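What follows is a short report on a single structure.
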Amino acid sequence: MGKSKVLVVGGTGYMGRRIVKASLAQGHPTYVLQRPEIGLDIDKLQMLLAFKKQGAYLVEGSFSDFQSLVDAVKLVDVVICTMSGVHFRSHNILLQLKLVKAIKEAGNIKRFFPSEFGLDPARMGHALEPGRVTFDEKMVVRKAIQDAKIPFTYVCGAGFAGYFAGNLSQMGTLLPPREKVLIYGDGNSKVTIVDEDDLATYTIKTIDDPRTLNKTLYFRPPENVLTQKQLVDMWENLIGKKLEHITISQQDFLASMKGMDYAGQVGVGHFYHIFYEGALTNFEIGNEGEEASKLYPEVKYTRMNEYLKIYA
Ligand code: NDP
Ligand code: GO6
């Protein structure tokens, strides 16, 4: 039996393009949804054409044409959706309900990966407003998947390095500070941070793996479960300079939400759960989950001291 055929929905997005790359690299026949709505977005079109050059198949289809989704899904064995879930980009998680319906109707899909790739929404029932919308919506999608009895894997539980390491976890910037750094509380909560390309590699590895069928794939690569303090230390060593550390208490951090726009408030809530509660790591992985670096020890994941070098 050959490798599963994969359809990537959201393939030109930040995570999606990495999923396409990893799928091609691991030898899966790779299909990418090409939406007419991209219109004059020449960057998206050029990216799609580049995928095609590398061997991907482009499939035309639109979320406003249900049959086109069914037809696209019928071409493959596995669907990976990387729909936007980022509030300052184009949050659209609930659109996936149409895709779930199409997968149900097509009836041929042996694994669906909805757009997750973050905090486990099943563990965020207590999350703060308004950021909880992220988790509530992902849970609505999960329920539809499970009601439709579609086989799934939920890929959860890591912060993207580009949003959490490159900036030493500072909000409102993607670059590391060189003078002073805000430290969340004691700076000792454990946070899992994974290079986005590694997340994609692990995700593709799991496609044909029965161990992750109907399970959640978590990330605890031992060397990438870090505290903010450790991350800052790595950066200080790289640039050969100590930064001024400014501690922000839980209360002050939460209070900073006032006066922010909606996307900012969503972000503060997420950072609060990650850095004050330790929500990425404060639980044991039970029978419903598997840990990626244990399943695939052969993956040489990027260490954050290496990752940070490019920012120096
Ligand atoms: P992007 O913002 O890059 O968007 C991905 C794709 O969503 C787009 O490329 C587009 O697909 C599709 N899309 C957006 N709007 C529409 C629409 N109206 N109709 C159809 N398709 C649409 O997403 P990310 O890669 O940033 O996010 C992917 C997932 O990763 C989300 O679930 C998010 O929550 C999670 N995430 C996790 C982070 C972490 O630190 N753990 C950090 C950031 C995100 P097309 O290619 O077809 O144009
Ligand atoms: C990433 C961010 C960075 C927000 C998740 C505001 C869903 C998740 C780890 O979109 O809000 O500056 O789990 O000013 O389940 C955003 C979100 C991070 C990026 C968190 C995310 C992580 C979404 C900011 C900012 C760098």
Side-chain angles (χ1 to χ4, degrees), residues 7-20 32-39 41 43-45 47-48 51 58-65 69 72 80-96 98-99 113-124 127-128 130-139 141 154-177 182 191-196 199-200 203 218-219 256-257 260-275 279-281:
L7 171 69
V8 184
V9 176
T12 71
Y14 183 68
M15 192 61 209
R17 70 190 70 159
R18 293 173 168 82
I19 294 283
V20 172
V32 184
L33 190 73
Q34 178 183 347
R35 297 184 302 118
E37 289 83 5
I38 68 175
D41 190 332
D43 292 319
K44 276 191 193 284
L45 180 65
M47 205 187 300
L48 289 166
F51 294 154
L58 304 181
V59 189
E60 285 180 47
S62 169
F63 277 82
S64 45
D65 176 358
L69 293 180
I80 303 179
C81 183
T82 53
M83 193 69 79
S84 183
V86 174
H87 283 80
F88 49 78
R89 288 159 75 92
S90 119
H91 185 91
N92 263 303
I93 289 294
L94 286 179
L95 259 190
Q96 290 181 103
K98 292 194 188 184
L99 186 58
F113 295 72
S115 186
E116 291 255 350
F117 306 105
L119 283 158
D120 182 357
R123 301 188 160 275
M124 300 304 295
L128 296 169
R132 61 171 302 124
V133 62
T134 302
F135 316 114
D136 292 342
E137 290 184 0
K138 285 180 178 177
M139 289 308 285
V141 175
Y154 303 138
V155 177
C156 275
F160 290 5
Y163 281 123
F164 292 96
N167 53 4
L168 308 185
S169 304
Q170 306 297 288
M171 293 189 68
T173 176
L174 295 172
L175 292 169
L182 216 52
V191 180
T192 302
I193 304 179
V194 179
D195 183 311
E196 295 81 338
L199 282 173
T203 302
Y218 294 100
F219 297 89
S256 75
M257 218 191 261
M260 283 191 182
D261 64 11
Y262 179 73
Q265 294 182 14
V266 168
V268 169
H270 293 177
F271 273 65
Y272 173 81
H273 294 300
I274 293 168
F275 291 99
L280 284 168
T281 58

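As the structure is a prediction and not an experimental result, all values here were calculated from the model. Ligands are counted one by one from 1 in listed order, and the atoms in each one are counted from 1 as well.
Ligand 1 has at least one atom lying under 4.0 Å from a heavy atom of Lys138. Distances from ligand 2 to the non-hydrogen atoms of Ala158 include at least one value under 4.0 Å. Using a 4.0 angstrom heavy-atom cutoff, Gln170 counts as in contact with ligand 2. Residue contacts with ligand 2: Phe117 is excluded, as none of its non-hydrogen atoms falls under 4.0 Å. Assignment of Asp41 to the shell around ligand 1 is not supported, since no heavy atom sits closer than 4.0 Å. Heavy-atom distances between Gly85 and ligand 2 stay at or above 4.0 Å for every pair. Residue Phe160 places no heavy atom under 4.0 Å from ligand 2.
Among Met83, Arg17, His91, Glu137, the residue whose heavy atom lies closest to atom 13 (N) of ligand 1 is Met83. Closest heavy-atom approach to atom 13 (O) of ligand 2 within the set Leu119, Thr173, Ile274, Val268: this belongs to Leu119.
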Chi angles and distances behind the ring-ring contact (aromatic ring centres under 6.0 Å, His included) call for Phe164, Phe271: CA-CA 10 Å; Phe164 292 96; Phe271 273 65; 5.2 Å; yes
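Only the side chain of Ile93 comes within 4.0 Å of ligand 1, judged by heavy-atom distances. Contact annotation: for Met15 versus ligand 1, heavy atoms closer than 4.0 Å belong to both the backbone and the side chain. Contacts between Glu116 and ligand 1, counted as non-hydrogen atom pairs separated by less than 4.0 Å, involve the backbone only.
Nearest protein heavy-atom contact of atom 46 (O) of ligand 1 is Thr12 OG1, 2.6 Å. Atom 17 (C) of ligand 2 has as its closest protein heavy atom His270 ND1, 4.0 Å. Among protein heavy atoms, atom 10 (O) of ligand 2 sits closest to Val86 CG1, 2.8 Å.
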